[in-house]
Asker: 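Handing you a structure now.
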Amino acid sequence: MSIILGSTLIVMLMASKPMFRNHLFICGCAFLLAGLTQKKELPWLLYLQLSLVYFGAATNKIFEPDWWSGQFMHNWLVNSQENQFYLSVSALMPEMLFAKILSWSSMLIEFSIAILLLFRKKHLLAVWMIILFHAVLYTMTLFRFGHFFEDIVIILLIFLIWPKFKSEVYINRNVRPFFRPLVGLYFLNSDIEYEQNQVNTDPYWLKVKSGNRVLFDRGALIFLLKFTPNFYLSLFLFDQLIRFVFNGTIMHGIQISLMLIFLPINFGHKNTKKIVLDAS
């Protein structure tokens, strides 16, 4: 199905120059390469595609004199977007300095991401650079370049390493009764088993055991969310809803708040610990 979808998109866009859009072409390539990827292998084709996206973006800019001088960025943010943030900050600096900073930082960041994506050990750094780069860009411009923003966020799921062991979920009895079946329905996953017979004196409301790791409360909830397809479908539907209900500033504030939930910060007691397994 992915091969059919990807091929259809690519052929349709290549057949009509007026219809061609980069963000749609990326979707077509992602579908096609996903279909050509074996289930039990790393999606290296998609890693290479994402690297190529950023390498192409950097090289397209670096050969344009208007990007060296900052003129392109200045014209886009002033004449096309009338961006108040840019106008306010650039007024405090020498002429075109802020435009040059934005232009050269964009090229350097995109080129760095393209290189880092080629090395598996650097994928975590590359992912955070992508998230922060586009979050800052979107914060400043409130512009998504079609649905390129969503494309990149969805493609980042290829870096999610799925647990190799079936996860066991324990819900404390003190949690309201209606919450337990709700969790079971929302986190519907064949790799998860549920156990609700925890004693009332346990100091946590949620515990997850996965392989040699045990996670509690917030850490356990984040773990379940990361490996639950329903969560990503919910985010997509919620994103579409707030785009129509709220204006750009409020919408972006809500989206950034959701992203902050997943920052690797512990609140209170530790959210995870490792179990030492008996070698016997």
Side-chain angles (χ1 to χ4, degrees), residues 30 34 37 39-43 46 120 123-128 130-132 134-135 149-242 253-277:
T37 300
K39 182 178 180 180
K40 295 183 179 181
E41 296 178 357
L42 290 172
L46 288 165
R120 188 180 177 189
H123 280 176
L124 182 60
L125 175 59
V127 168
W128 275 108
I130 291 171
I131 292 173
L132 294 174
H134 290 289
F149 186 84
E150 296 97 314
D151 296 345
I152 294 299
V153 171
I154 292 171
I155 291 175
L156 289 181
L157 293 177
I158 63 177
F159 298 100
L160 194 62
I161 301 175
W162 206 268
K164 295 181 180 180
F165 304 95
K166 183 166 287 191
S167 302
E168 299 176 12
V169 177
Y170 298 85
I171 304 173
N172 196 301
R173 288 182 181 177
N174 290 331
V175 178
R176 292 181 181 274
F178 74 86
F179 181 72
R180 292 200 295 268
L182 182 64
V183 170
L185 288 173
Y186 187 77
F187 297 105
L188 185 63
N189 193 312
S190 60
D191 293 326
I192 293 177
E193 293 181 345
Y194 294 92
E195 176 60 58
Q196 300 176 2
N197 295 325
Q198 291 297 100
V199 296
N200 296 339
T201 56
D202 286 336
Y204 48 81
W205 62 273
L206 181 66
K207 181 174 76 170
V208 174
K209 293 175 65 177
S210 179
N212 65 338
R213 288 194 303 168
V214 179
L215 302 102
F216 302 95
D217 299 338
R218 174 177 171 270
L221 180 61
I222 290 176
F223 178 88
L224 289 179
L225 290 174
K226 284 196 300 183
F227 301 109
T228 300
N230 283 340
F231 174 63
Y232 299 104
L233 291 173
S234 300
L235 282 181
F236 176 78
L237 294 174
F238 182 68
D239 177 69
Q240 297 303 305
L241 175 65
I242 61 179
I254 295 173
Q255 291 167 334
I256 292 297
S257 299
L258 286 172
M259 187 183 75
L260 293 176
I261 295 174
F262 289 89
L263 288 177
I265 302 174
N266 289 328
F267 298 96
H269 62 80
K270 292 184 177 180
N271 293 308
T272 182
K273 69 177 182 180
K274 287 189 176 181
I275 300 175
V276 179
L277 301 178

Asker: About how many Å separate CG of Leu224 and CG of Leu215, when rounded to the nearest 0.5 Å?
Answerer: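 Rounded to the nearest 0.5 Å, the CG-CG separation comes to 9.0 Å.
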Asker: Kindly compute the distance separating CG (Asp151) from CG (Leu156), expressed to the nearest 0.5 Å.
Answerer: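 Those atoms lie 11.0 Å apart.
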Asker: For Ala220 and Val208, which heavy atoms make the closest approach, and how far apart are they?
Answerer: CB-CG2, 3.6 Å
Asker: Nearest 0.5 Å please: distance from the CZ atom of Phe227 over to the CG atom of Leu160.
Answerer: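 With rounding to 0.5 Å, CZ (Phe227) is 4.5 Å from CG (Leu160).
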Asker: If you measure from CG on Leu42 to OG1 on Thr37, what distance do you get to the nearest 0.5 Å?
Answerer: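 Answer rounded to 0.5 Å: 10.0 Å.
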Asker: Is there a side chain to side chain contact (heavy atoms under 4.5 Å, CB included) between Lys226 and Tyr232? Walk through the geometry before answering.
Answerer: CA-CA 8 Å; Lys226 284 196 300 183; Tyr232 299 104; 4.1 Å; yes
Asker: Take atom CD1 of Ile161 as the centre, draw a 6.0 Å sphere, and report whether it contains more than 12 heavy atoms from other residues, nucleotides or ligands.
Answerer: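 No, not enclosed.
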